[in-house]
Amino acid sequence: VEYHGKTLTDTNESAMTLFEQMNHPFITSYWQPPNAKPFEYCLDGLVKVLPFLSNVHVFHWITGRGDQKPLESGYNEWCQYLQKVNSSSSKHYALLEFIKDDSIEQFMQDAAVLKKMIASLQKEKDTGL
């Protein structure tokens, strides 16, 4: 399933209720930060869904769809999200989504930022930081 607005996973609480009630090893979730929610709420939801997490949709916006920002402007938040994801013993993938102005150039910039974040996490893991 996808952690998404206007679904059974549109709040941290409803998502956890769904996963706990289904209680099946093949039911997993994509995660993305909920629209227009504070960082702490988003991070809490990610931590809670981590045992059920498959992959992550990576993008940055402030108020919701139509307000896409360059990933660079959400660098600090996404570093923390990805650090939590990286703490899992499972393998996860990060997928870029919702690129500002649907621009190829912006996609390439966002991809470079994401690669930088992932490289930093790998360096931390390799050096034990």
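Positions are given from 1, in the same order as the sequence printed here.
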- How long is the gap from CD on Q83 to CG on N86, to the nearest 0.5 Å? 8.0 Å
- V58 versus A94, closest heavy-atom pair with distance: CG2-CB, 3.7 Å
- Query: With sequence neighbours left out, which residue pairs that include part of residues 6-29 fulfil the salt bridge (charged side-chain N to carboxylate O under 4.0 Å, His left out) condition?
  - Reply: none
- Query: Quick one: are V85 and L121 in side-chain contact, heavy atoms under 4.5 Å?
  - Reply: no
- Item | Pair N76, Q80: side-chain N/O donor-acceptor within cut-off below 3.5 Å | no
- Message: I'd like to know if L95 and L114 are part of one continuous hydrophobic network [Ile/Leu/Val/Met/Phe/Trp/Tyr, side-chain heavy atoms within less than 4.5 Å].
- Response: no
- Query: Taking only residues two or more places apart in sequence, or in another chain, which ones meet E97 in a side chain to side chain contact (heavy atoms under 4.5 Å, CB included)?
  - Reply: Q32, H57, F59
- Task: Not counting sequence neighbours, which residues clear side chain to side chain contact (heavy atoms under 4.5 Å, CB included) with K116? List them please.
- Result: Y75
- Message: Holding to side chain to side chain contact (heavy atoms under 4.5 Å, CB included), I want the full list of residues that pass it with P51, two or more places apart in sequence or in another chain.
- Response: none
- Quick note, side-chain hydrogen bond (donor to acceptor under 3.5 Å, both in side chains) partners involving residues 37-51, not counting sequence neighbours, are D44-K48
- Do T17 and S14 pass the side chain to side chain donor-acceptor pair (under 3.5 Å) test, and can you show the C-alpha distance, the side-chain angles, and the key distance before you say yes or no? CA-CA 5 Å; T17 298; S14 66; over 6 Å; no
- Query: Looking at W78, W61, F39, which one forms a side-chain contact (heavy atoms from CB on, under 4.5 Å) with P33?
  - Reply: W78
- Item | Matching residue for S54 among V1, I27, T28 - test: side-chain contact (heavy atoms from CB on, under 4.5 Å) | T28
- Determine yes or no for a side-chain-to-main-chain donor-acceptor pair under 3.5 angstrom, with S29 supplying the side chain and E2 the backbone. no
- Any pair with a residue in residues 69-85 that passes salt bridge (charged side-chain N to carboxylate O under 4.0 Å, His left out), sequence neighbours left out, goes on the list, sorted by first then second residue, please. D67-K69
- Task: Could you tell me whether the side chain of S103 and the main chain of K100 form a donor-acceptor pair under 3.5 Å?
- Result: no
- Query: Hey, what do you get for OG (S88) to CG (L53), rounding to the nearest 0.5 Å?
  - Reply: 7.0 Å
- Would the Y93 and Y30 ring centres measure less than 6.0 Å apart? no
- Query: To the nearest 0.5 Å, what is the distance between CG (L82) and OG (S120)?
  - Reply: 10.0 Å
- Query: Which heavy atom of F107 sits nearest a heavy atom of I99, and at what distance?
  - Reply: N-CG2, 3.5 Å
- Message: Would you say CE of M108 has more than 12 non-hydrogen atoms from neighbouring residues, nucleotides or ligands within 6.0 angstrom?
- Response: no
- Grab the two heavy atoms, one from M117 and one from C79, that are nearest each other, plus how far apart they are. CG-SG, 3.7 Å
- Between W31 and Y81, is the gap from one ring center to the other below 6.0 Å? yes
- Item | Where D110 and L71 come nearest, the two heavy atoms and their spacing | OD1-N, 3.0 Å
